[in-house]
Amino acid sequence: MIAKLQCVVLDCADVLELARFYQSLLGGVVNQPDPRWALGDSWATLHTDTKLVLAFQRVEDHRPPRWPDPVRPQQFHLDLGVTELDQGQEEVLKLGATLLDAGDQKRSWRIYADPAGHPFCLVRD
């Protein structure tokens, strides 16, 4: 095992609106303080009672998916927690991932694509 699932991130136009929608469905706390994520106009979280965390990421000119239309596909990515970013990166690249954005040394996450092109992040625990 290289990482553990931290949360599922959904793209949207209004992060608080979508967080509150899922809160109505699942319960939990919207924007509970958590050092893993910076909250704001472009990012919100929902910590559910079952320990599942959903995150909501604001996207300019968001075009909602139209399932099953491949022209407007589903939009989400996984955040995977790792103890050490460099070691995690080495291991996911060996498995066939592609580095999309390494960020800088101050940032606690890096962005990759899986072999099919789906984005995911390794996030320092």
Side-chain angles (χ1 to χ4, degrees):
M1 181 175 97
I2 295 170
K4 62 182 179 181
L5 181 64
Q6 285 191 345
C7 72
V8 175
V9 181
L10 292 90
D11 290 351
C12 60
D14 186 325
V15 297
L16 283 177
E17 177 183 58
L18 199 55
R20 289 182 181 127
F21 169 81
Y22 279 98
Q23 180 184 37
S24 296
L25 293 176
L26 303 170
V29 178
V30 171
N31 286 343
Q32 174 178 307
D34 188 318
R36 295 177 289 183
W37 300 289
L39 304 171
D41 293 340
S42 63
W43 188 268
T45 60
L46 173 64
H47 287 70
T48 69
D49 297 339
T50 63
K51 306 292 185 225
L52 171 70
V53 178
L54 294 178
F56 308 92
Q57 178 173 266
R58 184 177 179 282
V59 173
E60 287 292 327
D61 301 320
H62 179 258
R63 295 178 57 209
R66 284 194 299 218
W67 188 87
D69 183 355
V71 175
R72 303 260 301 265
Q74 298 176 55
Q75 301 159 1
F76 77 97
H77 72 267
L78 301 174
D79 279 359
L80 306 173
V82 294
T83 304
E84 215 290 312
L85 283 173
D86 290 335
Q87 180 181 352
Q89 175 171 306
E90 183 179 324
E91 294 182 42
V92 299
L93 293 177
K94 284 181 188 175
L95 292 174
T98 303
L99 177 63
L100 299 178
D101 182 354
D104 58 30
Q105 294 299 321
K106 297 175 187 173
R107 202 169 80 183
S108 64
W109 75 92
R110 295 179 188 162
I111 305 168
Y112 304 85
D114 69 18
H118 303 111
F120 68 95
C121 296
L122 291 184
V123 180
R124 187 180 315 114
D125 271 340

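Throughout, residue positions are numbered sequentially from 1 according to the sequence presented.
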Report yes if the side chains of [X] and [Y] come closer than 4.5 Å at any heavy-atom pair, otherwise no.
{"X": "Asp114", "Y": "Leu78", "value": "no"}
{"X": "Pro64", "Y": "Arg72", "value": "yes"}
{"X": "Asp34", "Y": "Thr45", "value": "no"}
{"X": "His118", "Y": "Phe76", "value": "no"}

Please determine whether residues [X] and [Y] belong to a single hydrophobic cluster, defined as Ile, Leu, Val, Met, Phe, Trp and Tyr linked transitively by side-chain heavy-atom distances below 4.5 Å.
{"X": "Leu80", "Y": "Leu100", "value": "no"}
{"X": "Ile2", "Y": "Tyr112", "value": "yes"}
{"X": "Val29", "Y": "Leu52", "value": "no"}
{"X": "Trp43", "Y": "Ile111", "value": "no"}
{"X": "Phe120", "Y": "Leu10", "value": "yes"}

Which atoms form the tightest heavy-atom contact between [X] and [Y], and what is the distance?
{"X": "Leu16", "Y": "Ala44", "value": "CD2-CB, 4.3 Å"}
{"X": "Gln32", "Y": "Leu39", "value": "O-CD1, 4.2 Å"}
{"X": "Trp109", "Y": "Val123", "value": "CB-CG2, 3.9 Å"}
{"X": "Val9", "Y": "Gln57", "value": "CG1-CB, 3.8 Å"}
{"X": "Val82", "Y": "Ala3", "value": "CG1-CB, 3.6 Å"}

Trace of the side chain to side chain contact (heavy atoms under 4.5 Å, CB included) decision for Phe56 with Leu46:
CA-CA 8 Å; Phe56 308 92; Leu46 173 64; 4.0 Å; yes
How long is the gap from [atom1] on [X] to [atom2] on [Y], to the nearest 0.5 Å?
{"X": "Arg58", "Y": "Leu18", "atom1": "CZ", "atom2": "CG", "value": "13.5 Å"}
{"X": "Thr48", "Y": "Leu26", "atom1": "OG1", "atom2": "CG", "value": "6.5 Å"}
{"X": "Cys12", "Y": "Phe21", "atom1": "SG", "atom2": "CZ", "value": "12.0 Å"}
{"X": "Cys7", "Y": "Lys51", "atom1": "SG", "atom2": "NZ", "value": "15.5 Å"}
{"X": "Asp101", "Y": "Cys121", "atom1": "CG", "atom2": "SG", "value": "8.5 Å"}
{"X": "Asp79", "Y": "Leu5", "atom1": "CG", "atom2": "CG", "value": "8.5 Å"}

Is the closest basic N to carboxylate O distance between [X] and [Y] below 4.0 Å?
{"X": "Asp125", "Y": "Lys4", "answer": "yes"}
{"X": "Arg63", "Y": "Asp11", "answer": "no"}
{"X": "Asp104", "Y": "Lys106", "answer": "no"}

Take a 6.0 Å sphere around CG of Asp41 and say whether it holds more than 12 heavy atoms from other residues, nucleotides or ligands.
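12 or below, so no.
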If the plane angle is over 60° it's perpendicular, under 30° parallel, otherwise tilted; pick one for Trp37 and His47.
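Perpendicular, since the angle between the ring planes exceeds 60°.
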Are the side chain of Arg110 and the backbone of Gly103 linked by a donor-acceptor contact shorter than 3.5 Å?
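Checked: no pair found.
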Output the rest of the hydrophobic cluster of Trp67: all Ile, Leu, Val, Met, Phe, Trp and Tyr residues reachable through side-chain heavy-atom contacts under 4.5 Å, sorted by chain and number.
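Besides Trp67, the hydrophobic cluster comprises nothing; the residue is isolated.
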Which residue in the set Gln89, Glu91, Glu84 passes side-chain hydrogen bond (donor to acceptor under 3.5 Å, both in side chains) when paired with Gln87?
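Output: one option passes, namely Glu91.
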